[in-house]
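Note that this is a predicted model, so its numbers are computed, not measured. Chain identifiers are assigned alphabetically (A, B, ...) following the order of the sequence lines, protein sequences preceding nucleic acid strands; residue numbering begins at 1 within each chain. Computed from heavy atoms alone, side chains included, the values below leave out hydrogens, waters and symmetry copies.
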Amino acid sequence: MNPVYIEDLDRHVGSDVWIHGWLYHKRSSGKIRFIVVRDGTGLVQGVVTPEAGPVAFELADSLPQEASLRVGGTVRAEPRAPGGFELAVSRLEPVHVPTTPFPIGPKEHGTGFLMDHRHLWIRSRRQTPILRIRDAVLWAIRSFFHERGFVATEAPVLVGTSVEGTTTLFPLDYFGNPAYLSQSGQLYLEATCAALGKVYWIGPVFRAEKSKTRRHLIEFWMAEAEQAFLDHEGNLALQEDLVRYVVEAVAAERQRELAELERDPALLLREVGERFARITYREAVALVRDSGVEMEFGDDFGAPAEDALSRHFGHPVFVERFPAAIKPFYMKRDPAQPDLALCADLIAPEGYGEIIGGSQRVDTEEELLAQLREANLPPEPYQWYADLRRWGSVPHSGFGLGVERTVQWLTGTAHIRETIPFPRTLDRLYP
RNA sequence: UCCCCGGUAGCUCAGUUGGCAGAGCAGCCGGCUGUUAACCGGCGGGCCGGAGGUUCGAGUCCUCCCCGGGGAGCCA
């Protein structure tokens with residue numbers, strides 16, 4: 001008999017079904033025993049009474065946490081059961097019975113302990129909905145771009161040059177030559193967008209920054225897009241459409257998971273319900289200073305400044321036109337004010353920080369070479385990148401969205417390490 | 001790299017002016033027919049992160065080191 005998944009139990013009320021899963025938790029009360037089973041799609045309470053037979057009744061008491069099992073019985077609606085449905089168990093078959101106690105109990109644990117057991121922690125009732133929402137975010141990004149005719153393409157992960165700067169690269173040995181793990185696929189997407197028109201990719205990127213905060217990972221996933229003949233204004237519109245699409249998809253498809261995380265989908269929908277705010281860097285600095293956080297024009301936003309911006313608006317806000325001096329070499333200058341870059345960061349609401357960085361790209365070889373010089377970067381490794389400005393250069397723009405930051409916002413998770421199955425952080429490479 | 005906090009039972013923690021090493025949970029045994037981190041009774045469980053020092057006596061005070069957590073800078 002094929003098993004039924006717990007998320008589909010509402011369609012099987014009154015039926016006799018099998019569930020294949022793991023024993024999450026159990027409670028015993030003399031002649032009635034409750035087993036909580038998880039199967040990856042959710043949790044369900046099984047009720048075991050002596051009517052299930054002596055073997056099943058005994059197993060309901062003796063099986064330890066995280067025993068794998070097949071359990072059969074009748075589905076019924078039951079208001080006393082968590083989730084509203086329960087299984088009246090008539091059959092219980094162990095698959096594997098652990099002989100040592102599962103390290104992660106139903107009580108509290110410290111972060112260090114949980115991180116040491118991340119491979120087991122992901123089975124817990126707060127972790128599974130976060131990872132399922134992550135899945136929905138990634139799917140929504142893909143379907144958004146697919147619907148708009150973007151071509152999914154790839155950027156290399158092993159690269160010979162830096163995108164963002166040289167201090168934050170992971171060096172490695174490439175058959176005797178220096179190579180690095182990519183910090184961003186952007187430069188390569190600029191090349192493929194000249195071939196395919198509009199492109200995107202979702203992949204891992206690596207920053208060797210000694211960041212030790214709740215919103216940084218050493219290895220994280222970026223969703224990057226690049227479109228030919230797209231200007232700065234069009235770029236912002238595209239980003240706004242993407243973010244709204246993702247939020248609406250998650251709110252619609254992951255209601256149960258959001259509820260398990262006590263995250264209100266109505267709040268998320270309200271946050272993206274109206275047009276995102278747009279302010280210039282200059283306005284943002286003034287706003288930050290008004291809120292009491294010290295900052296000079298020409299500084300990048302620190303965490304307190306970003307928080308102040310984030311909480312000032314009830315929805316995402318674009319901060320446009322940063323001083324070019326604090327932005328990377330590949331951004332096009334604002335023709336009206338050449339000391340500013342045609343760029344924008346998108347700040348998520350509620351203090352979840354920057355989730356997108358994007359810009360119109362420099363599109364003449366002369367400007368590119370000049371800006372490489374200003375950034376003290378050698379032109380040789382960027383020859384191929386300069387070539388894109390030599391043959392059929394077009395105005396083009398793109399952006400990168402931080403997948404984990406987005407998941408963190410949508411799930412309301414305090415620390416970014418819980419938004420990816422195996423986070424890589426400053427002092428942690430295990431498991 | 002800098003600042004702050006912590007390391008005591010498998011886990012989460014308490015430990016008084018320096019004076020016999022404690023609790024809850026987990027585990028094991030027993031009880032209970034509607035539990036929701038069930039509850040009730042019982043049992044076992046310790047290199048107090050490491051090294052040195054002060055002291056009659058150190059989990060407790062001092063020095064150094066190791067490890068973890070939180071935050072800053074930088075960024076998505």
When the C1' atoms of B:A21 and B:G57 are considered, how many whole Å apart are they? 16 Å
If you measure from the C1' atom in B:A51 to the same atom in B:A58, how many Å do you get, rounded? 15 Å
Could you check how far CD of A:Gln45 sits from P of B:A37, rounded to whole Å? 11 Å
note: A:Arg118, atom CZ; B:G68, atom P; distance rounded to Å ~ 17 Å
Between A:Ala414 and A:Glu354, who's closer to the 5' end of RNA chain B by nearest nucleotide? A:Ala414
Looking only at atom P, what distance separates B:U55 and B:A72, rounded to whole Å? 44 Å
Is it the case that B:G34 (base atoms only) and A:Arg76 (side chain only) share a donor and an acceptor within less than 3.5 Å, ignoring hydrogens and angles? yes
Kindly say whether, by distance alone, the side chain of A:Arg215 makes a donor-acceptor pair under 3.5 Å with the base of B:C74? no
Using side-chain contact (heavy atoms from CB on, under 4.5 Å) as the criterion, list what pairs up with A:Glu350, not counting sequence neighbours. A:Arg263, A:Leu267, A:Glu271, A:Tyr352, A:Trp409
In residues 421-431 of chain A, what residues come within less than 4.0 Å of RNA chain B, judged by heavy atoms? A:Asp427, A:Arg428
Not counting sequence neighbours, which residues clear side chain to side chain donor-acceptor pair (under 3.5 Å) with A:Glu7? List them please. A:Arg132
With A:His117 via ring pair (Phe, Tyr, Trp, His ring centres under 6.0 Å) - residues at least two apart: A:Phe113
Rounded distance in Å between the C1' positions of B:G15 and B:G22: 7 Å
Counting only Watson-Crick pairs (N1-N3 plus N6-O4 or O6-N4) and G-U wobbles (N1-O2, O6-N3), all under 3.5 Å, who is the partner of B:G6? B:C67
Hey, does the side-chain of A:Ser211 have a donor or acceptor N/O within less than 3.5 Å of a partner on the base of B:C74? yes
Which of residues 294-320 of chain A have a heavy atom under 4.0 Å from RNA chain B? A:Asp300, A:Gly302, A:Ala303, A:Pro304, A:Glu306
Can you tell me how far C1' in B:U16 sits from the matching atom in B:C2, rounded to whole Å? 35 Å
Determine the Euclidean distance between corresponding P atoms of B:A9 and B:G24; express it in Å to zero decimal places. 16 Å
Would you classify A:Glu224 as touching base, sugar-phosphate or nothing, given that sugar-phosphate means primed atoms plus P, OP1 and OP2, and contacts are heavy atoms under 4.0 Å? nothing
Please classify the nucleic acid contact of A:Arg125 as base, sugar-phosphate, or nothing, using heavy-atom distances under 4.0 Å. nothing
Using residues 241-251 of chain A as the side-chain source, report each donor-acceptor pair under 3.5 Å to any protein atom, sequence neighbours left out, with the distance given to one decimal.
| residue | atom | partner | partner atom | Å |
| --- | --- | --- | --- | --- |
| A:Asp241 | OD2 | A:Arg148 | NH1 | 3.3 |
| A:Asp241 | OD2 | A:Arg148 | NH2 | 3.0 |
| A:Arg244 | NE | A:Val272 | O | 2.6 |
| A:Arg244 | NH2 | A:Glu240 | OE2 | 2.8 |
| A:Arg244 | NH2 | A:Val272 | O | 3.4 |
| A:Arg244 | NH2 | A:Glu274 | O | 3.1 |
| A:Tyr245 | OH | A:Ser143 | OG | 3.1 |
| A:Tyr245 | OH | A:Glu147 | OE2 | 2.7 |

Distance, rounded to the nearest Å, where A:Lys212 contributes NZ and B:C4 contributes C1': 11 Å
Atom CG of A:Asp116 and atom C1' of B:C11 are separated, to the nearest Å, by 13 Å
Any side-chain heavy-atom pair of A:Lys332 and A:Arg361 under 4.5 Å: no
In whole Å, what separates the C1' atom of B:C29 from that of B:C13? 26 Å
Answer with base, sugar-phosphate or nothing: what part of the nucleic acid does A:His415 contact at a heavy-atom distance below 4.0 Å? sugar-phosphate
Could you measure between the two C1' atoms, the one in B:G68 and the one in B:G50, and give it in whole Å? 15 Å
Considering residues at least two apart in sequence or located in another chain, which fulfil the ring pair (Phe, Tyr, Trp, His ring centres under 6.0 Å) criterion with A:Phe318? none
Using atom CZ of A:Phe113 as one end and atom P of B:A9 as the other, report the distance to the nearest whole Å. 12 Å
Whole angstrom value for the distance that separates P of B:U35 from CZ of A:Phe85: 20 Å
Determine, for A:Glu66 against A:Arg123, whether the closest basic-nitrogen to carboxylate-oxygen distance falls under 4.0 angstrom. yes
Grab the CZ-C1' distance between A:Arg405 and B:C74 for me, whole Å please. 10 Å
Using the aromatic ring of A:Phe220 (for Trp, its six-membered ring), decide whether it stacks on the base of B:A76 within the limits of 5.5 Å and 30°. yes
Comparing nearest nucleotides in RNA chain B, the 5'-proximal residue of the pair A:Gly110, A:Pro82 is A:Gly110
All ring pair (Phe, Tyr, Trp, His ring centres under 6.0 Å) counterparts of A:Tyr5, not counting sequence neighbours: none
With sugar-phosphate meaning primed atoms plus P, OP1 and OP2, does A:Glu404 contact a base, only sugar-phosphate, or nothing at under 4.0 Å between heavy atoms? nothing
Please pick, from B:G34, B:U35, B:C75, the nucleotide with the shortest atom-to-atom distance to any side-chain atom of A:Glu86. B:G34
Using a strict threshold of under 4.0 Å (side-chain N to carboxylate O), is an ion pair present between A:Arg80 and A:Glu86? no
For the base of B:C11, is there a side-chain donor-acceptor partner from A:His109 under 3.5 Å away? no
Whole-Å distance, A:His216 NE2 to B:G73 C1', equals 9 Å
According to the Watson-Crick and G-U wobble definitions, with both distances under 3.5 Å, which nucleotide is paired to B:G44? none
Check every strand shown and say whether A:Leu217 touches a base, only sugar-phosphate, or nothing at a heavy-atom separation below 4.0 Å. base
The side-chain contact (heavy atoms from CB on, under 4.5 Å) partners of A:Pro79 (sequence neighbours excluded) come to none
Can A:Glu283 and A:Arg278 be counted as an ion pair, charged N to O under 4.0 angstrom? no
Among B:A76, B:G70, B:G34, which nucleotide has an atom closest to any side-chain atom of A:Arg417? B:G70
Residues A:Ser310 and A:Glu306: side-chain donor-acceptor under 3.5 angstrom: no
Does A:Phe301 have any ring pair (Phe, Tyr, Trp, His ring centres under 6.0 Å) partners at least two apart in sequence or in another chain, and if so, which? A:Tyr281, A:Phe322
Contact state string [nucleotides 26-33 of chain B, B base, S sugar-phosphate only, - no protein heavy atom under 4.0 Å]: ------BB
Using distance only, find each side-chain donor-acceptor pair of residues 423-431 of chain A under 3.5 Å and give its atom names and separation, not counting sequence neighbours.
| residue | atom | partner | partner atom | Å |
| --- | --- | --- | --- | --- |
| A:Arg424 | NH1 | A:Pro431 | O | 3.2 |
| A:Arg424 | NH2 | A:Pro431 | O | 3.4 |
| A:Arg428 | NH1 | A:Asp116 | OD1 | 2.7 |

